[in-house]
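All remarks here apply to the structure that follows.
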Amino acid sequence: MTMSEGGYLCGKVRYRISAEPTDAGWCHCRNCQLNSGSPAMAFANVPVADFAFIAGDTLVGRYQSSEIGHRAFCTACGTPLYFKAEEEESIAFSIATLDAPETVTPGYHIFYASHIAWAGAADDLPRYAKLRSDGDPL
């Protein structure tokens, strides 16, 4: 079993994951763009049971960003951390918040139909108009 840790910009909130992250990818949806202030967010998934705050959990805010789920962020510094779909048993967390983000490599792009024109992906990873389950790569 792997153990990885990460945290927020302010250093007040820390978390640990006790499972190997899976399903890593880039999301170009408008909510991720607005949440991060960036053209896309790199994320990976872990089961809810394998994600735990180890410091500062009282500083974690939650925002219902859509009808299907919420996002968590730091109320001290504003760092976005994860998206949790209410029907899912996993958390999609921001890879960049890991202490060693280079250990998790994205393997695809989703919601590429809403990517910002001046910020096209500079790789050969598969691109999906929306979710991967909605069809073949573009």
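Keep in mind the model is a prediction, meaning the values are calculated, not measured.
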**Side-chain donor-acceptor pair present, S18, D50, cut-off under 3.5 Å** =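 Yes, because at least one side-chain N or O of S18 sits under 3.5 Å from a partner of the opposite role on D50.
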**Prompt:** Do Y82 and T97 have a side chain donor and acceptor closer than 3.5 Å?
**Reply:**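 Short answer, no.
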Is [Y] reachable from [X] through a run of I, L, V, M, F, W or Y residues, each pair having side-chain heavy atoms under 4.5 Å apart?
X: Y108; Y: W26; result: no
X: V13; Y: M41; result: no
X: F43; Y: I68; result: no

Whether the side chain of [X] engages the backbone of [Y] through a donor-acceptor N/O pair (distance < 3.5 Å, no angle test) should be reported.
X: T75; Y: L59; value: yes
X: S36; Y: S38; value: yes
X: Q33; Y: S114; value: yes
X: Q64; Y: S66; value: yes
X: S65; Y: H70; value: no
X: Y112; Y: C27; value: no

If you round to the nearest 0.5 Å, how far is [atom2] of [Y] from [atom1] of [X]?
X: T79; Y: L9; atom1: OG1; atom2: CG; value: 4.5 Å
X: I95; Y: T105; atom1: CD1; atom2: OG1; value: 7.5 Å
X: K12; Y: C77; atom1: NZ; atom2: SG; value: 8.5 Å
X: L125; Y: I110; atom1: CG; atom2: CD1; value: 12.5 Å
X: R30; Y: N35; atom1: CZ; atom2: CG; value: 11.5 Å

Between [X] and [Y], is the ring centroid distance below 6.0 Å?
X: F73; Y: Y63; result: no
X: F83; Y: F93; result: no
X: H28; Y: F111; result: no

**Prompt:** Where do I116 and P39 come nearest, in terms of heavy atoms and distance?
**Reply:**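 The pair with the smallest heavy-atom distance is CD1-CA, 4.0 Å.
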**Request:** Heavy atoms only: give me the nearest Y15-G7 pair and the separation to one decimal.
**Result:**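 Smallest interatomic distance, heavy atoms only, reads CE2-N, 3.5 Å.
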**Prompt:** Just wondering, are more than 12 heavy atoms of other shown residues or ligands nearer than 6.0 Å to CD in E87?
**Reply:**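 Count not over threshold, so no.
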**Item:** D134 atom CG: more than 12 heavy-atom contacts under 6.0 Å
**Value:**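 Above 12, so yes.
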**Request:** Sequence neighbours left out, what pairs pass salt bridge (Lys or Arg N to Asp or Glu O under 4.0 Å) with at least one residue falling in residues 98-123?
**Result:**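 The answer is R14-D99, D123-R127.
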**Asked** Are R71 and N31 close enough that some pair of their side-chain heavy atoms sits under 4.5 Å apart?
**Response**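 A side-chain contact under 4.5 Å exists here.
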**Request:** Assign the ring pair F53 / Y8 to parallel, tilted or perpendicular, where the plane angle (0 to 90°) is split at 30° and 60°.
**Result:**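 Correct class here is tilted.
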